[in-house]
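Single-structure report; data block below.
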Amino acid sequence: MKPLLVALTLLLSSFAPTATRSDSADLVFINGNIYTVNEKQPRAEAVAVKSDRIIFVGSNAAVKKYEGANTRIVDLHGATMVPGMTDAHYHFIGVGQREMNLNLEGITNLEDFLAKVKTRVDQAKPAEWVTGRGWIETFWKPPVFPTRWDLDKISPNNPVFLTRADGHGAVANSAALKIGGVTKDTKDPFGGQVLRDQQTGEPVGMLLDNAQSFVRSHLPETTEADIEQAIILANKRSIELGLTQVQDPGGSYRDVDLYKKLYGEGKLKLRIYKAVYGPGPEAQRLLREGPIIEAFGDRLNLRTIKVVSDGALGSRGAALLEPYSDMPEVKGPDGRMQRNAGFLRVKEEDLLPMLKEALRKGIQVQTHAIGDYANRFILDEYEKALNAVPKSERKIAQPRWRDEHSQIVNPADIPRFAKLGVIPSMQASHAIGDLHFAPSRLGMERLKGAYAWNSFLKSGVIVPGGSDAPVERGEPMIEFYAAVARKDIRGFSGEGWHPEEKVTREQALKMLTIWPAYAAFEENLRGSIEVGKLADLTILSADIMKIPEMEILKTHCLMTVIGGEIVYEAVRGTAAIETDFNRLPVTDLWWRSDVDDE
Ligand SMILES: [Zn+2]
């Protein structure tokens, strides 16, 4: 056995439940307002936990027989307990990096944006790169992208590269464009766009999707120590919000190796359901080596390839069937006006062979699809692969492939999800921000299949819920509120917001618990409070199934339990992360929501 394997085996065995002669529990919760998400026993007062499993769910009286001399008893005093919450689309390392980098979130005008970047530029050494993330112009006046010339005023010498909150666009100053070799004559790459001045054709500094690589490839490399720090920060933040698992859509084996290291050292508590990007070498490695399933006491799973099929709606990179309503044409690299309907970012000849191999090897695929053209394209590709590889040749007959975002879908395509067994994995918070600008991008007619949670549910599929953090804040209470209210965080709803697409509270709770578990092949292991399942529990400060909508946003996490271990406990009367929206400026949440993804 190789030393690594020995170490891994030892680690795995240390997570196995320890047998004792006694029936007593390690942990007992009493006086709870418990929503189990188990239809056979929807409500309970008490839960008993032994090792990493739930051994009892029921009444205060009946739980007594599990109380022994070494049992920790937690009196919930009527607090609400739900199954440990999961975020089905959460860029885990990105969340940590957001805590570490020049954070441009929440800026409400160009002047403040430039002032904030300037403070960083003034500290930079000659020729040092200045990078940051999180800006969004939608609520600036006027709502236009910043340009290279804006940035040149505050940084004539140092290269500057600032990523929009959605990750699908970035603005570079002239020094950065020069390093990247971006000029008037630069052609748009496949799956990307260099935005140009409508008169002169000069690049204005905005680079969309794959065009970002011209500059991004010259940025200094992030060190492993930086990423480790980001992981530790993201772990802390996530468990304080009540998350017990995040499904991390994309990345590489470098991330996986760091997760393994930190699980081994006990520094990472959160469960991570990881994917790697494909088509390409990372996906090939997963297809070759096979999945990692339930490692470190089911802390780590890797069985999924993440594909990105188009851009985002905010930057007009989402691939649409018809041109953008608010900008149907743009100037192309040849100086002529061209049709503007977004772009695909993956080619069938690269994708389809990989999909077929994934079916044969039992690997899950999840694909980012925002626009109605991208959604139709990916359903077509999935369908071709499923037809080409019959069930008898698949390692897993029902592969549970996912469509991440399923954001703007032609109503004719909605029934195809149930028919093909494709899971729409959606982000409620995207809708309550996007719906401020989606009507102008798309026109009223196309909003009929946009963020259509309820239409999907009625068509016979489940809808796992995620936040797409750090594109959005990544707070489960915002996702829950957005799903049941379908209003922005001030309670506003506008024309074309389709209130009939909101979901019930029971459905919203499933979006954050049992449905992501199903989408991760874990519905028998997690996602409800049931005897035999892993003891993942989230305890909340208010009854989110009953309180007025706006109060959901003020609810916070009191305690987080992962595999029977209390990994977070709020100090009485406080919370590490207070979600108190009354303190925030009005626009603070809007910009965060005005995005679609990466
Ligand atoms: Zn994403």
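Owing to the predicted nature of the structure, the values given are computational and were not obtained by experimental measurement. Atoms within a ligand are numbered from 1 in the order they appear, just like the ligands themselves.
Taking backbone and side chain together, His405 holds no N, O or S atom under 2.8 Å from the Zn ion (ligand 1).
Expressed to the nearest 10°, the angle at the Zn ion (ligand 1) joining NE2 in His89 with NE2 in His91 is 100°.
The environment of Glu224 atom CD is sparse: at most 12 non-hydrogen atoms of other residues, nucleotides or ligands sit within 6.0 angstrom. No more than 12 heavy atoms of other residues, nucleotides or ligands sit less than 6.0 Å from atom OH of Tyr373.
Partners of Glu228 under the side-chain hydrogen bond (donor to acceptor under 3.5 Å, both in side chains) rule, at least two apart in sequence or in another chain, are Lys261. Take Glu404 and apply the salt bridge (Lys or Arg N to Asp or Glu O under 4.0 Å) test, not counting sequence neighbours, and it matches Arg402.
Note on Asp468: its N/O/S atom closest to the Zn ion (ligand 1) is OD1.
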